[in-house]
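Quantities reported herein were computed from a predicted structural model and do not represent experimental measurements. Here is how names work: the chains are called A, B, and so on, in the same order as the sequence lines, proteins then strands, and each is numbered from 1.
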Amino acid sequence: EVQLQQSGPELEKPGASVKISCKASGYSFTGYNMNWVKQSNGKSLEWIGNIDPYYGGTSYNQKFKGKATLTVDKSSSTAYMQLKSLTSEDSAVYYCARWDRYDVSMDYWGQGTSVTVSS
Amino acid sequence: DVVMTQTPLSLSVTIGQPASISCKSSQSLLYSNGKTYLNWLQQRPGQAPKHLMYQVSKLDPGIPDRFSGSGSETDFTLKISRVEAEDLGVYYCLQGTYYPQTFGGGTKLEIK
């Protein structure tokens, strides 16, 4: 069974950085890209970017360049997203989602990680 | 970026009745390989999104066949033939033809 287990909620101060994890199981981690998606205030969804765990190559939404950095640890089948220079606009729920490059779909999703930025 | 526009914003449906959600894209989603990368997702209250359908009309494994998708180019529709209580939530369309991938604003399905 494919599972994506994300790290717990984060409370950070403005200007800080946070690193969220997404541990994959039930499939070959290096065989699928990992996407990251932002959901603000229970509203719609924004694609942040994705990473190829095999080669480490990344693709970012221009809006999130400089804000988000995607990495992976193949040895633990874990994907990470770091968000830096946090502001209140970064308060949201962040999801990792497996990317099926053949169907071109985000077929499995993590449970989400809440990030709250507050002084 | 490709803009995905969903209508209606919300709909209230009696159990056993059909429901229909429209999604329109600002550009044709037909890719050069002849495939159209339009997906549908469901987000139940308090849960993560769940993938329902890809390439317009192909259901994910385990998704009931009361869900169906249709459309082409810029106009797409998600239909539920007979709504059940477990279908409540927000439905999103998502295009994967262009980078960045973009989502519709969501349609909230409520049960009367």
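H51(B) and S105(A) get closest at one heavy-atom pair: NE2-CB, 3.3 Å. Between Y92(B) and K43(A), the closest heavy-atom pair is OH-O, 3.3 Å. Nearest heavy-atom pair across Q101(B) and N35(A) is NE2-OD1, 3.4 Å. The two residues L45(A) and F103(B) make their nearest non-hydrogen contact at O-CD1, 3.2 Å.
When side chains are defined from C-beta on, V104(A) does not count as touching Y31(B), because their heavy atoms never get closer than 4.5 Å. Residues L94(B) and M106(A) are in side-chain contact: their nearest non-hydrogen atoms beyond the backbone lie under 4.5 Å apart. Counting heavy atoms from C-beta outward, W109(A) and L41(B) have side chains that approach closer than 4.5 Å.
Other residues, nucleotides and ligands contribute only 12 or fewer heavy atoms inside 6.0 Å of the CD atom of Q62(A). The neighbour count for R66(B) CZ, taken as heavy atoms of other residues, nucleotides or ligands under 6.0 Å away, is above 12. The 12-atom threshold is not exceeded at OH of Y108(A), counting heavy atoms of other residues, nucleotides or ligands nearer than 6.0 Å. For CG of D65(B), the number of neighbouring non-hydrogen atoms (other residues, nucleotides, ligands) closer than 6.0 Å is 12 at most. For K23(A), the NZ atom sits in a packed shell: over 12 heavy atoms of surrounding residues, nucleotides or ligands are nearer than 6.0 Å.
Hydrophobic clustering (ILVMFWY, side-chain heavy atoms < 4.5 Å, transitive): L30(B) and V56(B) are in distinct clusters. In the hydrophobic cluster analysis, where Ile, Leu, Val, Met, Phe, Trp and Tyr join through side-chain heavy atoms closer than 4.5 angstrom, M34(A) is grouped apart from V37(A). Y27(A) and W99(A) fall into different hydrophobic clusters, where Ile, Leu, Val, Met, Phe, Trp and Tyr are joined by side-chain heavy atoms under 4.5 Å apart, directly or via other members. Hydrophobic clustering places V2(A) together with Y32(A) (ILVMFWY residues linked when any side-chain heavy atoms are closer than 4.5 Å, directly or through intermediates). Cluster annotation: I48(A) and Y98(B) are assigned to distinct hydrophobic clusters (Ile/Leu/Val/Met/Phe/Trp/Tyr, side-chain heavy-atom contacts under 4.5 Å, transitive).
Between the CE atom of M4(B) and the OG atom of S44(A) there is a distance of 10.5 Å, given to the nearest 0.5 Å. Distance check: N39(B) CG to D103(A) CG gives 8.5 Å after rounding to the nearest 0.5 Å. In this structure, OH in Y102(A) is found 13.5 Å from CD in Q55(B), a value given to the nearest 0.5 Å.
Using a 4.5 Å cut-off between heavy atoms, V93(A) makes no contact with chain B at all. Only the side chain of Q39(A) comes within less than 4.5 Å of a heavy atom in chain B; its backbone stays farther off. The contact between Q47(B) and chain A is made entirely by backbone atoms, counting heavy-atom distances below 4.5 Å.
Between chain A and the options P100(B), A48(B), P49(B), G106(B), the largest number of non-hydrogen pairs under 4.5 Å is found for P49(B). The candidate from K35(B), M53(B), Q43(B) with the greatest count of non-hydrogen atom pairs under 4.5 Å with chain A is Q43(B).
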